[in-house]
2 protein chains.
Amino acid sequence: MATSRSHRPATRSRGIPEATVARLPLYLRALTTLSERSVPTVSSEELATAAGVNSAKLRKDFSYLGSYGTRGVGYDVEYLVYQISRELGLTQDWPVVIVGIGNLGAALANYGGFASRGFRVAALMDADAALAGKLVAGLPVRHIDELEAIVEDNQVSIGVIATPAGAAQEVCDRLVTAGVTSILNFAPTVLQVPEGVDVRKVDLSIELQILAFHEQRKAGEQGQGPDGDVPAVMPA
Amino acid sequence: MATSRSHRPATRSRGIPEATVARLPLYLRALTTLSERSVPTVSSEELATAAGVNSAKLRKDFSYLGSYGTRGVGYDVEYLVYQISRELGLTQDWPVVIVGIGNLGAALANYGGFASRGFRVAALMDADAALAGKLVAGLPVRHIDELEAIVEDNQVSIGVIATPAGAAQEVCDRLVTAGVTSILNFAPTVLQVPEGVDVRKVDLSIELQILAFHEQRKAGEQGQGPDGDVPAVMPA
DNA sequence: ATGTCTTTGTGAACGCGTGCACAAAGATAG
DNA sequence: CTATCTTTGTGCACGCGTTCACAAAGACAT
């Protein structure tokens with residue numbers, strides 16, 4: 001699909017559905033893999049399978065970005081990688097700070113997926129003074145007191161909180177005050193933030209509990225009376 | 001959220017909506033906190049605030065469980081803790097195996113939220129023989145070859161994959177074959193599983209990319225020079 | 001008992017996301 | 001140029017989830 005000039009300048013009415021945005025990274029990953037294998041084009045069917053969604057959904061998702069496919073052929077891999085990257089804002093540099101360098105924080109710092117997508121770890125921070133200066137993933141741990149200066153100096157707009165639950169809200173407040181407007185929270189707490197600040201949370205415990213629910217349901221369904229429900233006792 | 005069940009009723013007529021199930025752990029956490037403070041009852045308004053949702057949604061969620069509130073008063077904290085725990089299946093013991101004891105696996109093993117909710121780490125496993133026997137979070141790392149035996153001996157039905165992406169599918173296959181029917185996947189890959197197996201994925205990279213999208217949008221909305229900062233045309 | 005006040009539980013309306021199914025668009029062959 | 005074949009892009013219908021708004025239920029005071 002040689003770049004023809006029939007592409008419109010994206011007349012999208014200012015808004016890609018949230019559900020679509022959440023899937024774009026998935027498509028991007030699948031496309032990157034194809035790109036590395038030098039696959040030139042891919043059909044919606046193939047790409048959908050690789051991304052674990054159905055093809056109609058994928059086509060509709062792409063339709064929000066514009067008409068980037070060629071009927072009878074499919075999508076140009078390289079071109080789509082570029083379009084999605086741009087749409088997600090990955091063509092620019094995003095400095096990130098990670099606060100709380102325990103097991104989890106260290107894991108995040110070492111995670112390769114960071115750098116590969118325009119995310120740059122600007123600093124690792126911890127409240128424990130004993131950690132200061134120690135190298136983690138090649139970066140020195142800085143003391144939390146430097147937070148404000150680091151955020152400002154590096155123009156950090158994304159913060160990752162990997163502290164214990166008790167410290168999360170305070171760290172969050174300081175990040176927001178310093179200028180951070182997007183937060184990825186790994187601490188098991190609900191964070192209060194002012195209007196305009198985005199928070200996404202990753203909560204291991206919640207995921208496990210959801211699995212447990214379905215697991216219980218599966219166990220209860222087989223060989224169970226028409227009543228269906230599992231136990232049902234009442235405490236005092 | 002990532003419940004990967006494609007074609008199916010998804011929610012039972014007798015069942016609880018998936019969206020509600022995903023919020024129950026949130027309520028449970030807030031209720032547990034109240035319980036520790038010996039608060040006897042709580043209104044939907046208060047609890048909703050603590051859990052970060054709106055009160056109408058909370059009441060509707062609880063209505064799927066039954067009528068556990070008292071009009072004019074609110075909900076009995078202890079009773080609700082019990083009901084939600086039971087509904088989620090947390091009143092029973094869930095043995096869990098963690099595969100891949102790198103930075104992330106170790107972080108998960110050390111995570112306290114595990115044990116506190118009926119989840120018991122039955123074993124830590126890694127493909128690296130050099131790790132075998134090493135203590136992590138008080139448990140010895142076992143070699144991956146023991147996977148099948150461990151799953152069977154401990155009646156494990158939930159597996160956590162914290163391996164590199166390349167190893168995830170193979171580990172997943174082995175877990176499923178051995179009898180695991182719920183998987184929590186931290187590896188950045190789409191896992192293929194047979195019907196009846198639930199997979200939930202936690203993907204740091206995806207969360208960051210979603211934040212970047214919104215961050216970009218925020219940056220583009222304000223100021224916005226005559227040149228229209230954000231989007232763009234294609235690279236001719 | 002009666003009235004007032006608080007808070008739940010839910011019917012109904014609405015909006016978003018999903019999946020079907022097909023027409024339109026382009027490639028390709030004759 | 002015409003016919004055929006492939007695959008996109010999308011109109012439409014449907015179902016899930018959210019929110020509103022209020023009647024019903026109970027607590028509490030008099």
Side-chain angles (χ1 to χ4, degrees), chain A residues 1-8 10-24 26-27 31 39-77 79-80 83-84 210, chain B residues 1-24 26-27 31 39-77 79-80 83 210:
Chain A
M1 179 174 84
T3 14
S4 73
R5 58 188 60 85
S6 56
H7 291 124
R8 47 184 187 237
T11 22
R12 65 176 176 288
S13 55
R14 246 323 170 238
I16 299 175
E18 193 57 36
T20 295
V21 172
R23 281 187 295 267
L24 290 181
L26 226 50
Y27 302 145
L31 285 164
V39 178
T41 62
V42 65
S43 72
S44 64
E45 198 68 52
E46 294 168 313
L47 185 54
T49 302
V53 303
N54 92 23
S55 66
K57 193 185 292 184
L58 178 143
R59 287 198 300 276
K60 181 146 291 192
D61 283 342
F62 285 176
S63 79
Y64 293 115
L65 309 184
S67 288
Y68 294 151
T70 304
R71 297 175 191 225
V73 176
Y75 298 90
D76 181 281
V77 172
Y79 185 51
L80 207 44
Q83 289 298 340
I84 294 178
I210 294 172
Chain B
M1 194 172 16
T3 312
S4 63
R5 40 177 63 201
S6 309
H7 319 285
R8 235 192 311 172
T11 41
R12 282 279 157 128
S13 54
R14 292 193 182 81
I16 300 174
E18 191 59 35
T20 295
V21 172
R23 280 187 295 266
L24 290 182
L26 226 49
Y27 302 145
L31 285 164
V39 177
T41 63
V42 65
S43 72
S44 63
E45 197 67 51
E46 293 167 314
L47 186 53
T49 302
V53 304
N54 92 26
S55 66
K57 192 185 293 185
L58 178 143
R59 287 198 301 277
K60 179 141 291 194
D61 283 340
F62 285 176
S63 79
Y64 294 116
L65 309 184
S67 288
Y68 294 150
T70 304
R71 297 175 191 229
V73 175
Y75 299 91
D76 182 281
V77 172
Y79 185 51
L80 208 43
Q83 289 298 341
I210 295 172

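Note on naming: letters A, B, ... go to the chains in the order of the sequence lines (proteins, then strands), and numbering restarts at 1 for each one. Because only heavy atoms are used, hydrogens play no part in the values below, and waters and symmetry mates are left out as well, while side chains stay in.
Look at B/Ser44 and you won't find any side-chain N or O under 4.0 angstrom from OP1 or OP2 of C/dT7. Look at B/Lys60 and you won't find any side-chain N or O under 4.0 angstrom from OP1 or OP2 of C/dT10. Taking side-chain N and O atoms only, A/Arg59 has no distance below 4.0 Å to OP1 or OP2 of C/dT18. For B/Asn54 and D/dT19, the shortest distance from a side-chain N or O to OP1 or OP2 is below 4.0 Å.
Protein atom CD of A/Glu46 is 14 Å distant from nucleotide atom C1' of D/dT8, rounded to whole Å. Regarding A/Asp61, its CG atom lies at a distance of 13 Å from the C1' atom of D/dT10, rounded to whole Å. Between B/Tyr64 atom OH and C/dT10 atom P there is a gap of 10 Å when expressed in whole angstrom units. To the nearest angstrom, C1' of C/dT7 lies 15 Å from CG of B/Leu80. Between B/Leu58 atom CG and D/dT18 atom C1' the separation is 13 Å, expressed in whole Å. Atom NZ in A/Lys57 sits about 20 Å away from atom P in D/dG11, given to the nearest Å. One atom, CD of B/Glu18, and another, P of D/dT18, lie 11 Å apart when rounded to the nearest Å. A straight line from CD of B/Glu45 to P of D/dC20 spans 11 Å, rounded to a whole angstrom.
Counting heavy atoms from C-beta on, the side chains of A/Leu58 and A/Arg23 never come closer than 4.5 Å.
The residue among A/Ala19 and B/Val42 whose nearest nucleotide of DNA chain C lies closer to the 5′ end is B/Val42.
Looking at heavy-atom distances under 4.0 Å, B/Tyr75 makes contact with sugar-phosphate atoms alone, never a base.
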Base versus backbone protein contacts along nucleotides 25-30 of chain D [heavy-atom cut-off under 4.0 Å; B, S, -]
B-S---
